[in-house]
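In what follows, every chain begins at residue 1, and chains take the letters A, B, ... in the order their sequences are listed. No experiment lies behind these values; they were computed from the predicted model shown. The analysis underlying the following values was restricted to heavy atoms, covering all of them including side chains, and did not include hydrogens, waters or symmetry mates.
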Number of protein chains: 2
Amino acid sequence: MTLPASPYVVLGLIAKKPGSGYDTAAFADRSVRYFWPISRTQVYSELPRLEELGWITGTLVPQDRYPDKRVYQPTPTGLRALRDWLDVPAPRQRIQDVVLRTFFGAYMSSQRLAEQLAEYRQQAEKLRAELLAIVEHLDAKGLDHSRVLTQATARYGVLQAEATIAWTTETQALLEPPQGQAG
Amino acid sequence: MTLPASPYVVLGLIAKKPGSGYDTAAFADRSVRYFWPISRTQVYSELPRLEELGWITGTLVPQDRYPDKRVYQPTPTGLRALRDWLDVPAPRQRIQDVVLRTFFGAYMSSQRLAEQLAEYRQQAEKLRAELLAIVEHLDAKGLDHSRVLTQATARYGVLQAEATIAWTTETQALLEPPQGQAG
DNA sequence: GATTTCATGTAAGACGTTACATGATTCA
DNA sequence: TGAATCATGTAACGTCTTACATGAAATC
């Protein structure tokens with residue numbers, strides 16, 4: 001039984017900020033949404049599942065002005081499951097997977113995060129080369145209107161890859177042990 | 001009845017290069033895959049649907065060495081449906097939607113493509129500002145290990161947005177009517 | 001007074017992925 | 001001779017989205 005990323009995203013959010021389904025969805029919407037969109041109903045459907053796994057526990061909190069809510073917090077088992085999942089690179093590691101791990105970086109080994117950043121940076125460099133080859137190939141064939149546009153889409157990939165390379169580089173620097181300045 | 005993007009992607013690929021399901025999946029894998037991944041089985045499942053809509057027609061081609069195949073090509077109705085769909089911005093226009101329209105740009109009005117590029121560029125600029133605000137907000141709160149990593153994920157969005165802005169700018173330039181050089 | 005927002009969820013169904021299936025051909 | 005690839009699909013299933021549902025509070 002291997003879970004998709006979404007339950008771990010919800011688990012991680014609950015770990016960072018315990019709360020109700022509504023709270024967690026709102027939190028997602030101002031944090032991971034930018035690189036990992038997750039809908040409110042998706043959050044709701046993951047919660048019972050995580051509770052059955054024993055990774056979070058919910059407590060019913062009665063309210064006057066609003067419907068009663070169920071507030072969740074992570075269990076020690078849940079935190080371990082989160083860490084284990086974060087430490088292992090995603091099956092088909094995409095940039096979002098690495099960004100997600102960076103966001104939950106406090107729950108994982110810095111060593112592992114650094115490794116994943118390095119690995120993805122290489123992937124991005126390879127991708128960039130691949131796309132540049134496509135751009136040149138189209139140049140060689142001659143650029144009519146249609147090919148100009150096709151080439152533009154390849155250029156999109158190139159710029160994308162370059163942004164990714166720049167980001168992994170600057171993020172790797174953050175993880176490096178601070179260099180003591182000798183006097 | 002409103003269709004998702006996938007059937008239109010398959011329709012567009014068939015328009016660009018008529019062929020079998022296998023051919024189309026292979027074509028997708030060396031073109032739109034970079035910004036719009038679509039699986040082989042997904043392609044297969046869209047084909048009968050597109051044929052029922054009268055947007056493509058399939059002809060059985062018997063083969064000796066391999067299983068018989070069904071080769072598809074677009075109908076005039078299909079090409080009109082494709083154009084109509086491309087001309088209207090996606091409900092929640094994401095960058096991929098615009099890249100997709102650029103890829104199929106030969107089937108749509110250049111005017112409309114230019115509009116969508118301009119619109120998305122503005123979106124990206126707004127997003128960049130939003131993310132920069134988050135970066136600064138975290139600076140103001142003080143940067144512990146966890147916040148440094150959270151900030152890094154916001155930085156990812158910033159670099160991403162900047163790449164997008166750069167791409168829309170350079171692609172817009174391609175669509176501008178060539179300036180005649182007087183002299 | 002009507003509409004929007006807050007706060008909480010449930011239910012249905014489309015979408016897309018992973019696994020299964022087949023048989024010939026080429027490569028090691 | 002065995003494994004991998006080509007070429008064609010089908011079937012099952014889980015994920016995720018869209019629509020539905022409720023009622024109080026705030027806003028216009």
Under-4.0 Å side-chain N/O to phosphate OP1/OP2 contact, B:S20 with D:dT8: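 For D:dT8, OP1/OP2 do have a side-chain N/O of B:S20 under 4.0 Å.
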
For atom CZ of B:R94 and atom C1' of D:dT17, their distance in whole Å: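 Value for this atom pair: 13 Å.
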
NE2/B:H137: more than 12 non-hydrogen atoms of other groups inside 6.0 Å: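 For B:H137, atom NE2 is not crowded (no more than 12 foreign heavy atoms under 6.0 Å).
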
Min side-chain heavy-atom separation A:K16-A:L13 under 4.5 Å: no

Residue from A:W85, A:Y8, A:Y72 passing ring pair (Phe, Tyr, Trp, His ring centres under 6.0 Å) with A:W55: A:Y8

Atom-to-atom span, CG of A:L47 to P of C:dT10 - whole angstrom: 10 Å

Annotated protein contacts, base or backbone, on nucleotides 12-27 of chain C with a non-hydrogen cut-off under 4.0 Å, one of B, S, - each: ---SBBBB----S-S-

Partner of B:T24 by side chain to side chain contact (heavy atoms under 4.5 Å, CB included), out of B:V9, B:I38, B:I14: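 Running side chain to side chain contact (heavy atoms under 4.5 Å, CB included) over B:V9, B:I38, B:I14 with B:T24 returns exactly one hit, B:I14.
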
Rounded interatomic separation in angstrom, taking CZ from B:F27 and P from D:dA7: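 Distance, rounded to whole Å: 17 Å.
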
Verify same cluster id: B:V158, B:L143 (apolar side-chain graph, 4.5 Å): yes

Close side-chain approach of A:R121 and A:I165, heavy atoms under 4.5 Å: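 With C-beta onward as the side chain, the pair touches.
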
Whole-Å distance separating the OH atom of A:Y8 from the P atom of D:dC16: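 That distance rounds to 13 Å.
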
Distance, rounded to the nearest Å, where B:D68 contributes CG and D:dT10 contributes P: 13 Å

B:Y44 OH - D:dT10 P separation (whole Å): 9 Å

Spacing between B:K69 atom NZ and D:dT8 atom P, to the nearest angstrom: 5 Å

